[in-house]
Amino acid sequence: MDGAKATPGRAVGAVDLYVSAAALRLAILALLPGLPVLLTGRVEISTPVTSFKRLQEGLFLYNHNVSPYDGGVYHQAPLFLPLFSLLPSFLTFPIFTYLLYIAVDLLSANALWRIAESGEAGSSARFTSARREKRWSGFVIAALFLFNPFTVATCIGRSTSVFTTCAILHAIAKAVSGSPFGAMVALSFASYLSMYPLLLLPPLILLCYDRQRPERATKSGLKFSATCVSVVAGVLALLFQMSYLITGSWEFLPSTYGVQLTLSDLTPNVGLWWYFFIEMFDSFRSFFLAVFWLHLSSYVGALTLRIRRQPLVVLTLLLGIFAIFKPYPSISDTSLFLAMVPLYRHVFPLMRYTFVIAAVIMYATFLGPAFYHLWIYAGSGNANFFYAITLVWGLGQSLLVCDLMFAVLRDEWEVERPEMVGKEIRQI
Amino acid sequence: MPMPNVRMLGLPRAGSYINRLPLFTRGILAAIVLFEALCLQSWWDVRAWGALVPEEIGFATLYRANTYPFIHLNVLHLIPNLLALTPMLERFENEYGTLTSLALFLGPFSTFPAFLYVGMEKWVFRLNTAVMGASIWFFLLAGIEAIRTYRVNPRLVIAGQSIPTWTTPLVILLAIAVLVPRSSAFGHLCGLAVGYICGLGYLKYLAPPEWALRWIEKQLNLLGRLPHYVSVDQKTYGRFGVLPLSNLTPAPVVSAGLVGTSALRLRRDPRVLKLPPYLSLLCVLVGVAWLFLLPLNDYSRRTYISENALLPGQVHTYFSGSDQNVFRAYKHEVDALVGKTNTERNDKLESIVKGFGLKTARQNFTYQAAGHSYSGENLYAILQAPRGDATEAVVLVAAWENAKHEINRKGIPLALTLLRYFKRWSLWSKDIILLLTPDSIAGPQAWVDAYHDAHNPSRVSSLPLKSGLLQGAIAIDYAQEGRFESVHIVYDGVNGQLPNLDLINSIVNIAGGQMGMGVALQEMWRHDDGYKHRLRTMLRGMLKQGLGLPSGPHSSFIPYHVDAVTLQPFGDGWQDEMAIGRVIEGSFRSLNNLLEHLHQSFFFYLLMQRERFVSIGTYLPSAMLVAASFTIMAISLWVKSGQAEAERATVEAKTETAPAPAVERDLFLPLGVVTLIQSFSIVPLYLFNHVSESMLTPLFATFTLLNVLLPVLLSHLLTQAAAPTLQQYHLVKSFSLLLLGMFLSSLATLNFSLALIIGVLASPLSFARPAASRVTRLVTTALLSAISPPAVLLAGAAYWGADVSGVLREAAVGWHVCGTYSPVVVWCVWWPAWLAGSVAVLGRTGEGGAGGKEKTA
């Protein structure tokens, strides 16, 4: 909220918005005391690498001077442990933990607000959309993020992915406001917490490069990116060193990033990996792990090259792709993607399947828990039920990614060829 | 305006493409295939004869320079070459004419690459690799095309790097060289080189002069004689000539036909928009008709035992003889307890059970619902399995009062006698738990919740004594004095969940097959196995399932995945309590045999007779169709909301160039209205579940009255405040129907009957549309009011002779005690959908351009 006041002219409604979002979360926590426990246990919200329950387990071990990675339950970054140890105990004063999560959500919204106000989505350094006039203010975009049910559920479910979300949004916000160093530091934090944000580095470097402040701009792209990469490497090294000092061994590397890379925990989630790797024969496992990771990372280069002129679009699309294809996705990743999508209000008229996408995502949202119930509790369904719905969920999101990409490319094309505005096109 | 060209979809289009292939292309393709066919025989090695082998090229074997493109290594080589070559060749021939193509391809286009290749191979590389195949032509043509593209569009920009377009065939060449084994990259390169040279125009002199071609054509009348012949005059300027850019004055319809895909055209067709209401109606009708087909022999199935371990009716039952005397004694004891308090009864019963030498325990519970307090004390005893390890248990339940509040006069003594009898046997591999509860709903619920540690400790006390995993439960409800004729199996669980069909089948098998007594389901005391009785049984089952209320002591077990039924003897016959005792003994012996939880048979089924059922695969489509009808309407309204505006735009500004195909929809107001209406639903849900019973009737009356006025009020407020357009009303309805369809299809997987009932009752909402005149508006509103949730509740209660407040109390009890979710579905799914539908019907559009549209919509 300090950030909201820091920039004059933007404070209009900011405090109201943040207060009401915080009040909504506190009201839910106060009125429905059973809900946090329920949501924390939901596989849609808590994955093995973000679960609050597992964090508590790790915290317990850590506070009793046992390595938190003993027992193979805790797979999260070591620096969470001192952070949560500093808070009063969750069991006696849960309110402090809640306040931390709410504050993180508000910080994310604030970063999003700054991204929206920068206007980067409509007019970047190398491209200016003809439609950029039609956009939503930072207030609307922050509100859409804060009151998105997925965001609220993630916050109430206390998934630690909110910290990653916050770091990613801050990295982008720093990048668009012309401070590459801050962006790189924030991205390093995000990568340290969840690893996959490291893949956002190439488009983020481009974004930083495009949005440099003119008075201290680096002309050479190579030099600039080398500096950025070394900043990220340096900060990550520092964080790893701190983690090493905290846990006393390098054990955390295989337990956190190793788990993501090798998918050793096959708890069901909304992603597409777990079912494949449950079914798979062990001899093929390493091959398919490589294929899956390669697939996930292959989008980075391709999109960065193709949509070079709008790096923020690349970041948005990549966040959508990660929410579908990363090893342990949750609705938190979807909420981050959905938070970025409204920035492209100006290309919404060019999107073709908005209704279908909304319907598919909503159907999956309701059918997912129903089928999970049939599988786990009622015993009358099986794993295929839930997996089928996660496929639909992935389909809905990939439709949104494709449609947004189409709209953005069409927008670029219409600027290049103004005579084609409004004409229907088809693939040749 | 001329009619658009014949519209073609994908498949016919491919067919027509093949039909339009010109003559020379056909000839070449036929020749290639013919040569491949010739290769099949063994006496003449065509490949050795025709391949281009550098060492063997001499003056007499120069024919090889012409034949090699026709010959292929094998079919796998042939097919991709044909597929790649055909479009290129077709394009070339259409451009230059058949005669030119003939002259070029049989001459220089074969021999030039061949000589280039042979020369290089022989004198530069000193190798001798034989080549064959039409891919050389492909690369030649690709080279020509690339040079031409390069002239029009010299550079391709990818990520800021501009790449000359003439390099594209090289990329293909490299890709093929890397990916396809045994491909001759050098041979392809020769073809490509000739293609580049030709494309640059250095080989122009090779083409026969046009006057000569014209002369030949005229003399031989080729155009008239040969089908698919491309004349010199007919030839076009190539595909690039019809680019939209250079086509300066395209007729609008034709350009739409050229540019729009078939799907896009379909979207524009006004007929498509008229279709959804009929489609939706068809879905509802088929869904309901489907239901009425189910009782027929062709659609339902005979039941069968899936789990072989059950072996129902395969053991001799010994419960009789002296046990009858024991039963009479216990009956006297129990009769003496009538009128005593719960604790006094439990004291006496506990002393009896303790007398068997079993461990007993008690549990207190208190529930608050509809202003009443449901409290009591459960008593239970555990018979440790002599041959088990206390990991599994089967439950025998006897409630002091059954669901109709009759005292279980014979059930309690029978349960005691059975337990005493079971104690004597040494064959039990699972613990047997006897549960005696003061009532049929709250008591078992409290016990099962506490058994699984899912209870609220402030209301239900924990169990001091526990056994293993519950594998099954059978409840006895034997309130009638005297003998009985048949046994009635009650199997509905809370929220429409059902026990595994194998359990019911086993009991039917034991009671009907072994003991020779009748079995009835769903209070169908007489069943002739005809269509009518089957249908009635099924509908009763569906109604009970849809209400989701507990129907007996067994109901609470089913949500915990413990298969359970209640057995109720009924009728006037010659069966005595020993007979029902033996049925229970047989069933327990079957359950005792189980090696794992019942899982083989169905959990989702509709029973229509004791030996006839339909499984989920057969009946689910009907609920899904009904749910789909809402989604169809939602989608059509969405499309319509975009279309109506577009139409208006064209009407208003016909002279404007190219109206935008999709008009932006104003989403905020409709979304807000739907969200608001959805959030209203908390009010009735809370009120009806938290008001005391005496207040229920006045509350319901007030609510019903207000409910009639609410849409009018809401619509008035909406018109005053926001003056929504017709588009926004369409969107309100679209969103509300989408939500309804979504909820119902999710619900159909959990509770089929409830989803179907709500779906059918709400189906008129899809067809209600904003009324034009005052009279129709009034009529529609009245009709909609008749199908509002309170009105349906009232009508249903009147039809079944039930008291509305009683129904509401039951619902409140189900909600608080058993976690029945039917009230949520009624108040949070159905009611808001109804309200939104009514508001959309009453909706008056605001002033302005939309006002005129109201009549035509």
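Per chain, numbering begins at 1; letters A, B, ... match sequence-line order.
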* Assess whether atom OH of B:Tyr686 is packed by more than 12 heavy atoms of other residues, nucleotides or ligands within 6.0 Å. => no
* Asked: Is the count of non-hydrogen atoms from other residues, nucleotides or ligands lying under 6.0 Å from A:Leu222 atom CG greater than 12?
  -> no
Considering all heavy atoms, the nearest [X]-[Y] contact:
{"X": "A:Leu367", "Y": "B:Ser745", "answer": "CD2-O, 4.0 Å"}
{"X": "A:Phe355", "Y": "B:Ala634", "answer": "CZ-O, 3.7 Å"}
{"X": "A:Leu374", "Y": "B:Leu750", "answer": "CD2-CD2, 3.7 Å"}

* Which portion of A:Phe371 sits near chain B, non-hydrogen atoms under 4.5 angstrom -> side chain
* What part of A:Thr365 gets closer than 4.5 Å to chain B, counting heavy atoms only: side chain, backbone, both or neither? -> neither
* Using a heavy-atom distance cut-off of less than 4.5 Å, which residues of residues 33-42 of chain A contact chain B? -> none
* Structure fact -> The interface call for B:Ile558 against chain A, heavy-atom contacts under 4.5 Å, is neither
* Asked: Given a strict heavy-atom distance threshold of 4.5 Å, which part of B:Phe604 is in contact with chain A: side chain, backbone, both, or neither?
  -> side chain
* Asked: Just checking, is any N or O donor in the side chain of B:Ser746 or A:Tyr363 under 3.5 Å from an acceptor N or O on the other one?
  -> no
* Asked: Listed by chain and number, what are the side-chain contact (heavy atoms from CB on, under 4.5 Å) partners of A:Val152, not counting sequence neighbours?
  -> A:Leu24, A:Arg25, A:Ile28, A:Ile156
For the [atom1] atom of [X] and the [atom2] atom of [Y], what is their distance to the nearest 0.5 Å?
{"X": "B:Phe743", "Y": "A:Met362", "atom1": "CZ", "atom2": "CE", "value": "7.0 Å"}
{"X": "A:Thr354", "Y": "B:Trp638", "atom1": "OG1", "atom2": "CH2", "value": "4.5 Å"}
{"X": "A:Ile376", "Y": "B:His561", "atom1": "CD1", "atom2": "NE2", "value": "12.0 Å"}

